[in-house]
Amino acid sequence: MCTGLAAARRMARPGGVALACVLLLAAASCLPRAAEPTRAKPNIVLIYTDDLGWGDVGSYGGTVATPNIDRLASEGLRFTHAHATSATCTPSRYSLLTGEYAWRRAGTGIATGDAALLIEPGRATLPGILQGAGYATGVVGKWHLGLGPSGGPSWNGEIGPGPLDVGFDYSFLIPATGDRVPTVYVENRRVVGLDPADPIRVSFGTPIPGEPTGKERPDLLKMAPSHGHDHTIVNGISRIGYMSGGRAARWVDEDMADVITRKAVDFLEANRQRPFFLYFSTHDIHVPRVPHPRFVRKTTMGPRGDVIAQLDWSVGEILAALDRLGLAENTLVVFTSDNGAVVDDGYRDQSVERLGAHRPNGPFRGGKYSAYEAGTRVPFIVRGGGGERGRVSDAAFSQVDLLASFAALAGVPAAAAGVPDSRDALETLLGRSSASRPHLVEQAVNGTLSLVRGRWKYIEPHPGPRVNANTNIELGNSPEPQLYDLSADPGETRNLAGEQAGVVREMAALLQQLRSSGRELP
Ligand code: NG6
Ligand code: CA
């Protein structure tokens, strides 16, 4: 194989810079057209799903059919011990794009719909590094990292700073979440389809008069909230936050997967001749779960199952586009999720009643928001790395390492130097090594940190609630330290902190050092 991906794979072997140079020359010499040297660089597609649990995917034991995601697994490498950095969306995405653990930065918790951009323009980012290496970089789908200057964006004018100022060439965004206003798409710096005569107003404080809310007008709702989510009604669904105006621009939830999948495929088509990085960030399977009619009742699990089927369709469209464009062989596809699964996350969508035998988080304790494993241990599949198809890796992997690993794949490992926490784990990512990260930190919703090192998982003491009453998820907080042996007890049922005081001391000290040093890497 003369593809760039094959060359990069060879470069990833131990053997240093000299070997890398020889192989780079070798790779260049087998290019069809020497005039296009960058063509050999492997493309990267990162499919970043929302709230999809470890156990929600067929190849991980899920009961909903996910043939396209399973195809990725059977053609690639499936990880069992891969982690988002956080049990919620905003901090996971912050870490993913900056290579810095979000708990180092105040203000990176779940962002409101009118938050300012959380990533400082000018700092090294995953898309920026790839852009510098000659990649076309695009983000399509959920953003949830804020937009605009402090005070929030001007929805009716030029929206910035945003993704275009932190390394993306193109963006088509759900600005925050499907359940937060404003319920409009933002393409590059503009709200799509905005009528200037009907300007948008957004408030996360006082209600906006004249706009019906779920609290006052439940009769107008097609899906009622179970907790929160009782502010402005859009498309028969009440949201978090108040909004008026922008009527022509408001999205239709049922069409969202179609709209963003089309935009993602358009990006692939438009950039087929160049190396590209596509960050395809799905709304599925976050709330509100409102599938297109063609997926309604496709599963026995109600809307939560149906949007898993819809997500699988989106993945199939991306894979089909790569096949059609002849790009599959030279494209690394990574499929994963931003945090673990939640069942009732705020709407009465039958997710609890119709769950049946499905275990959204597989054998793991807790869920989205939690310090227990189900908070951050997520599905993670890589295709295009070589090795045997259908293999499984039990290596401990953190998404914070995707930045340095993708930089290495793009041939610019030095560009990631100085990034605080991202290690080059390309060998593990491509299945050439089974090496685990030396240790990794997990962040729960209330800020509780856990440290995983080898078989041990240490959860620091925290006074927060043990269970979230709304979602019924065990958050993992305890005033006492907790220590679990993840090899013998992946479900975190036996706290060994009393028996293993020495291990607890060591891990607490390492966590303290990681915190106080401000960065993990030199
Ligand atoms: C919570 C929301 C939840 C979800 C979450 C963010 C309530 C009661 N709950 O505050 O529904 O939107 O924020 O999810 O409002 S995340 O995946 O984007 O982090
Ligand atoms: Ca999420």
Side-chain angles (χ1 to χ4, degrees), residues 47-54 56 83-97 102-103 107-115 118 141-146 173-183 204-205 213-215 223-232 234 237-242 253 256 279-290 303-304 307-308 311 336-349 351-352 360-361 366-370 374-380 399 442-447 465 467-473 475:
I47 304 175
Y48 209 59
T49 67
D50 201 353
D51 296 2
L52 188 73
W54 195 96
D56 278 326
H83 291 259
T85 62
S86 169
T88 59
C89 163
T90 301
S92 287
R93 287 158 200 260
Y94 178 88
S95 303
L96 170 76
L97 295 186
W103 42 265
T108 53
I110 299 171
T112 61
D114 60 356
L118 294 175
K142 177 174 176 176
W143 180 242
H144 211 188
L145 287 167
L173 307 179
I174 298 159
T177 62
D179 57 348
R180 282 173 175 75
V181 301
T183 55
F204 282 83
T213 63
K215 192 171 185 166
M223 186 168 61
S226 56
H227 53 268
H229 302 98
D230 58 359
H231 301 157
T232 300
V234 176
I237 300 162
S238 48
R239 317 279 165 158
I240 304 171
Y242 303 98
D253 304 79
M256 190 176 267
Y279 170 38
F280 179 41
S281 174
T282 70
H283 162 66
D284 290 325
I285 62 167
H286 199 279
V287 297
R289 301 167 183 137
V290 191
R304 189 174 185 282
V307 295
I308 295 175
L311 169 68
T336 187
S337 180
D338 67 340
N339 51 251
V342 53
V343 181
D344 176 351
D345 204 19
Y347 291 98
R348 295 190 198 285
D349 58 7
S351 52
V352 176
N361 288 304
K368 177 178 178 177
Y369 308 111
S370 177
T376 62
R377 200 187 281 227
V378 286
F380 192 94
Q399 290 173 6
E442 304 173 13
Q443 175 188 358
V445 67
N446 49 266
V467 175
N468 178 289
N470 289 332
T471 57
N472 202 24
I473 285 173
L475 295 175

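Being a predicted model, the structure only gives us computed values, none of them experimental. We count ligands from 1, going down the list as the structure has it; atoms in each ligand are counted the same way. The figures that follow rest on heavy atoms only: side chains count, while hydrogens, waters and symmetry mates do not.
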By side chain to side chain donor-acceptor pair (under 3.5 Å), S281 pairs with (sequence neighbours left out) R93
Under 4.0 Å from one or more heavy atoms of H144, ligand 1 contributes atoms 18 (O)
Query - Exceeds 12 heavy-atom contacts within 6.0 angstrom, atom CG of N472 - result: no
among protein heavy atoms, the one nearest atom 17 (O) of ligand 1 is K368 NZ, 2.9 Å
Protein-derived N, O or S atoms sitting under 3.0 Å away from the Ca ion (ligand 2) total 5
In terms of heavy-atom contacts, S337 and N339 come closest through OG-O, 3.0 Å
Ranking R180, R93, H229 by closest non-hydrogen atom to atom 10 (O) of ligand 1, top hit is R180
Residue set satisfying side chain to side chain donor-acceptor pair (under 3.5 Å) with D230, at least two apart, ordered chain then number -> none
Exercise for review: Would you indicate whether the side-chain heavy atoms of K368 and T471 approach each other to under 4.5 Å?
Suggested key: no
Practice problem: State whether the shortest distance between N or O atoms of H286 and N or O atoms of ligand 1 falls below 3.5 angstrom. | Solution: yes
Classify the angle between the aromatic ring planes of Y347 and H229 as parallel (below 30°), tilted (30 to 60°) or perpendicular (above 60°). tilted
Sequence neighbours excluded, the answer for side chain to side chain donor-acceptor pair (under 3.5 Å) partners of D56 is R304, H358
Any N/O of D345 closer than 3.5 Å to an N/O of ligand 1? yes
Q) Would you say I240 has any N or O atom under 3.5 Å from an N or O of ligand 1, going by distance alone? A) no
